[in-house]
Amino acid sequence: MTRNKILVVDDEANQRQIYKLILEDDGHEVTTAQSGEQALRFASEAGFDLVLTDYKMTGMDGLTLLGELLKQDPSLIVIMMTAHGSVESVKEALRGGAFDYLEKPIDRDQLLKAVESALSRLRSIDDEIKGDSDEMERVKKMILKVAGSSSTVLIRGESGVGKELVARAIHRASPRVGQIFQAVNCAAINENLLESELFGHEKGSFTGAHTQKKGQFEIADRGTLFLDEIGDLNIAMQAKLLRTLQEKEVLRVGGSRPIKVDVRVIAATNRDLEAMVKDSRFREDLYYRLNIIPITIPPLRNRRDDIVNLIDYFIAKHSHNSQRHIKGLTASARNLIMNYSWPGNVRQLESAIERAMLLCEGDMIDVEDLPVEIRQEGTPAAAFNFKLPPEGISFEDLEHSLITQAMEQTNWNITRAAKLLGLSFRTLQYRLEKFGIKRPVKEP
Ligand SMILES: Nc1ncnc2c1ncn2[C@@H]1O[C@H](COP(=O)(O)OP(=O)(O)OP(=O)(O)O)[C@@H](O)[C@H]1O
Ligand SMILES: [Mg+2]
């Protein structure tokens, strides 16, 4: 088991000692704090995997501490320990963002079980979502924390960062796991049909409505509904969605009676919703209703530590498609990948790796197997360090020489030579003809 860093907060010295001994005995690294104030200081100085805090303490109480800790790091996992099961305080703590609670007196087994349950659920999210940069570790802890409740979650991030992957992970870590996960891309459905798609319709409610139809909210009843590209909803649909979220009921198109639904909504967007609210293109009230728990997935170029993990994962994932056993990447290919800007994020990385595995002729993916945009961005002209001599050069001779070298290096494979030169197949073919460059005929 991996060693985890746990912060124990209690104003009673002997309690602190007991918890510390039990947890250390189980292999964890434990720091203790005697007050909320001290805990806050420790937490800001060091990263903890988990905080275990007493609820009633002199000075700052557990609930205030929880709020302050979450201000520093909303993903922090906090387990609250409450005396004599005061139900209300427990509820309050969970609403305030605690992950779990323990009722005093707490025995050794209960304590270890609660801690192990939090940490093992975190590890199972690790299996689905690759990358252990600080940014992704925070995202994973957020997934674990929001999974327990039915609150609406808003996932933000550029295209291809893994928004749907995170939405599915939330569903799988939640009590709704045995129920359906339904995904709807709001941008992909015609505006006129979206209302019926989401909320259903009654027979004859519009031309073409030959039968009664359940909408996605009804289909997802008791499960999770993933509303992708939420920023693309028009104003009328925004109002209807808001009403559904507030009332927890849907009205089918042409229907007269609302239908109760129990759906957890996870929304996603790569748009700037705040700017849209400012321009009155997105309802402010819906924005606040959706944004109860925001999770932002940073672009891949801002968490390059994850790239190595992801490459290994994608090579393993796609190895069944490949004829040969791909061991990894050459140093220069890896270098290009590490320095590329990845505008299409993880999805683009995955397809680059998948493609390279198909093109690769050895057991290591090399520069020539990578898509042209990656090769070009990674090797700007300046990198060649070619200095034009004062007496000038013959551009045609240089071109001729580069093309010949590329053809020789690739054993006269036009496709691969074109890739080396950053040219299209047809451009290279044209130039080969223009210069009359031909493969030398071997002497018999
Ligand atoms: N951290 C990750 N670990 C493993 N696979 C990942 C990770 N992030 C993304 N992927 C994979 O990358 C692809 C794109 O992810 P996903 O569809 O979740 O992105 P998205 O943010 O929803 O994109 P879009 O905005 O284009 O809809 C998927 O195949 C997904 O499984
Ligand atoms: Mg998506």
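In each ligand, atom 1 is the first atom listed, and ligand 1 is the first ligand listed.
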For E350, the ligand 1 atoms whose distance to one of its heavy atoms is below 4.0 Å: 11 (C), 12 (O), 29 (O)
Need the ligand 1 atom indices (1-based, order shown) with element for anything under 4.0 Å from a heavy-atom of K130. 1 (N), 2 (C), 3 (N), 4 (C)
Can you classify the ring geometry of F181 versus F226 as parallel (below 30°), tilted (30 to 60°) or perpendicular (above 60°)? parallel
For atom 10 (N) of ligand 1, closest protein heavy-atom neighbour: V346 CG1, 3.4 Å
Give the residue and atom name of whichever protein heavy atom lies nearest to atom 15 (O) of ligand 1, and the separation in Å to one decimal. G162 CA, 3.6 Å
With R156, which of L273, I297, N270, I295 fulfils side-chain contact (heavy atoms from CB on, under 4.5 Å)? L273
Pair S332, N335: side-chain N/O donor-acceptor within cut-off below 3.5 Å: no
Atom 17 (O) of ligand 1: the protein heavy-atom neighbour that sits closest, reported with distance to 0.1 Å: R347 NH2, 3.1 Å
E24/K20 salt bridge by N-O under 4.0 Å criterion: yes
Looking only at distance, does Y313 have an N or O less than 3.5 Å from an N or O of ligand 1? no
Please say whether N270 places an N or O atom under 3.5 Å from an N or O atom belonging to ligand 1. no
Short N-O contact, K5 and D49, less than 4.0 angstrom: no
Shortest protein contact, atom 24 (P) of ligand 1 (heavy atom only): G160 N, 3.5 Å
Any non-hydrogen atom of G131 lying under 4.0 Å from ligand 1? no
Give the residue, atom name and distance (to 0.1 Å) of the protein heavy atom nearest atom 20 (P) of ligand 1. K163 N, 3.4 Å
Answer with yes or no whether the side chains of Y287 and E274 bring together a donor and an acceptor at under 3.5 Å. yes
With sequence neighbours excluded, give me every salt bridge (charged side-chain N to carboxylate O under 4.0 Å, His left out) pair touching residues 170-181. E128-R172, R176-D262
Can you pull out the closest protein heavy atom to atom 2 (C) of ligand 1? Residue, atom name and distance to 0.1 Å, please. L165 CD2, 3.5 Å
What atoms in ligand 1 come closer than 4.0 Å to a heavy atom of E164? 18 (O), 22 (O)
Taking only non-hydrogen atoms of L310 and a 4.0 Å limit, the atoms of ligand 1 in range are 2 (C), 3 (N), 4 (C)
Return yes if a side-chain donor-acceptor contact under 3.5 Å exists between Y340 and E373, otherwise no. no
Reported OG-to-CZ distance for the pair S205 and R252, which is rounded to 0.5 angstrom: 10.0 Å
